[in-house]
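This report concerns only the one structure given below.
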Amino acid sequence: MTIKKTLTVAGSDSSGGAGLQADLKTFEEYGTFGFSAITTIVTMDPDNNWAHGVTPIDAGLVREQLKTILSGGPVDAMKTGMLGSVDIIRATREAIDQYQLKNVVIDPVMVCKGEDELIQPENAEAIRDLLLPVATVTTPNLFEAGQLSGLGKLETVEDMKRAAEKINQLGVKYVVIKGGKALESNKAIDLLYDGKDFTIYEVEKVDTDYNHGAGCTFAAAITAGLAKGMTVPEAVQKAKDFVTAAIQNGFALNKFIGPVWHGAYNQAEKRIK
Ligand code: PXL
């Protein structure tokens with residue numbers, strides 16, 4: 001068996017639960033070989049109510065990382081996370097084109113958990129214009145889906161469906177809207193749209209505040225599933241099970257934050273072969 005290769009182009013979450021740390025841990029749990037190109041470094045200040053510092057790195061250095069990783073041949077699937085600047089978004093698109101990358105999952109990260117202001121509006125536009133047209137799957141949360149679709153605040157499953165249709169028209173084949181626990185419901189609800197049909201994925205909400213990194217982990221799990229040859233609907237279903245186990249086993253890191261545990265699905269329940 002040849003090992004499948006996965007790549008994340010994403011920010012470093014120094015608190016360990018989200019960002020490229022979530023992606024690499026998830027890639028490993030799926031039995032794939034994970035690569036990362038760092039785009040941004042995120043730090044949090046415990047002396048200032050865990051305020052986030054977001055520091056993008058130079059796009060030239062992102063290009064060099066991508067060249068290092070991809071010069072040995074393409075990966076089986078890739079995802080993006082926090083990208084940091086329009087230049088970095090351009091570098092990512094160039095790599096997708098140059099190496100003809102397949103199974104491209106764009107997680108259009110626009111906010112950090114708990115903050116609902118766009119980090120950099122110009123990045124949102126560049127993700128929409130440069131990355132969605134070449135994406136296999138995009139995985140916005142409710143806020144990001146509202147931005148990408150232009151519909152603003154989404155409050156119901158019907159709103160999610162309308163947003164998914166609009167986002168699909170931007171060129172991406174499959175849209176997964178991570179409603180998660182954000183809708184008013186006792187269920188955590190995510191939605192897949194393939195350009196024709198909607199599939200709803202729902203489980204009972206897990207009663208916890210320790211879910212930092214859930215969105216990144218869900219998108220990374222979809223990516224790894226695609227690398228292993230799953231169809232998109234299969235990869236989304238498996239990813240939903242994987243992230244639900246991770247949320248059920250989240251823990252308090254400190255008084256501000258609790259990450260999901262990426263190892264839960266395998267190590268607590270021994271399921272991924
Ligand atoms: O959860 C969004 C996210 C993505 N990427 C990085 C982050 C965060 C939130 O903290 O730090 C690097």
Side-chain angles (χ1 to χ4, degrees), residues 6-27 34-46 48-59 61-62 65 78-85 88-89 91-92 105-121 123-124 126-127 131 137-148 176-182 188 190 208-224 239 242-243 246-247 250-262:
T6 41
L7 163 65
T8 182
V9 184
S12 169
D13 170 11
S14 303
S15 77
L20 70 85
Q21 286 80 0
D23 298 341
L24 286 179
K25 290 171 192 180
T26 301
F27 292 166
F35 296 90
S36 60
I38 302 190
T39 59
T40 303
I41 297 177
V42 179
T43 53
M44 295 82 174
D45 185 357
N48 184 20
N49 203 27
W50 210 240
H52 287 45
V54 178
T55 310
I57 67 168
D58 184 70
L61 206 43
V62 176
Q65 293 177 74
M78 68 163 285
K79 81 177 276 288
T80 62
M82 185 183 288
L83 290 169
S85 73
I88 294 174
I89 293 168
T92 306
V105 177
I106 303 297
D107 191 19
V109 174
M110 296 180 191
V111 278
C112 277
K113 188 162 286 308
E115 325 211 331
D116 59 4
E117 238 170 77
L118 269 187
I119 304 174
Q120 293 130 326
N123 289 355
I127 290 171
L131 296 180
V137 184
T138 190
T139 55
N141 61 24
L142 269 196
F143 175 81
E144 291 153 353
Q147 293 288 317
L148 287 172
V176 177
I177 300 187
K178 299 177 293 195
K181 64 169 193 170
D190 305 297
T208 178
D209 291 329
Y210 307 141
N211 64 0
H212 177 67
C216 301
T217 301
F218 189 27
I222 294 172
T223 310
F242 185 91
V243 77
I247 295 167
F251 64 99
L253 181 67
N254 55 31
K255 68 178 180 184
F256 302 106
I257 203 162
V260 301
W261 181 38
H262 317 82

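Counting convention: from 1, in listed order, for ligands and their atoms alike.
- At least one donor-acceptor pair closer than 3.5 Å links the side chain of S14 to the backbone N or O of V42.
- Near C216, meaning under 4.0 Å from any of its heavy atoms, are these atoms of ligand 1: 1 (O), 4 (C).
- Taking a cut-off of under 4.0 Å to the non-hydrogen atoms of V42, the atoms of ligand 1 that pass are 11 (O), 12 (C).
- None of D107, D190, T223 except one satisfies the side chain to side chain donor-acceptor pair (under 3.5 Å) rule with T139; the exception is D107.
- Side-chain atoms of D45 never come within 3.5 Å of backbone atoms of W50 as a donor-acceptor pair (strictly under, hydrogens ignored).
- Residue M82 approaches ligand 1 through these ligand atoms, each under 4.0 Å from one of its heavy atoms: 5 (N), 6 (C), 7 (C).
- Remark: side-chain polar atoms of K25 are paired, donor with acceptor, to backbone N or O of G16 under 3.5 angstrom.
- At a heavy-atom cutoff of 4.0 Å, ligand 1 is contacted by both the backbone and the side chain of D13.
- Under 4.0 angstrom from ligand 1, the non-hydrogen atoms of S12 all belong to its backbone.
- Remark: side-chain polar atoms of N254 are paired, donor with acceptor, to backbone N or O of I257 under 3.5 angstrom.
- Those atoms of ligand 1 that come under 4.0 Å of a heavy atom in G11, given as number and element, are 12 (C).
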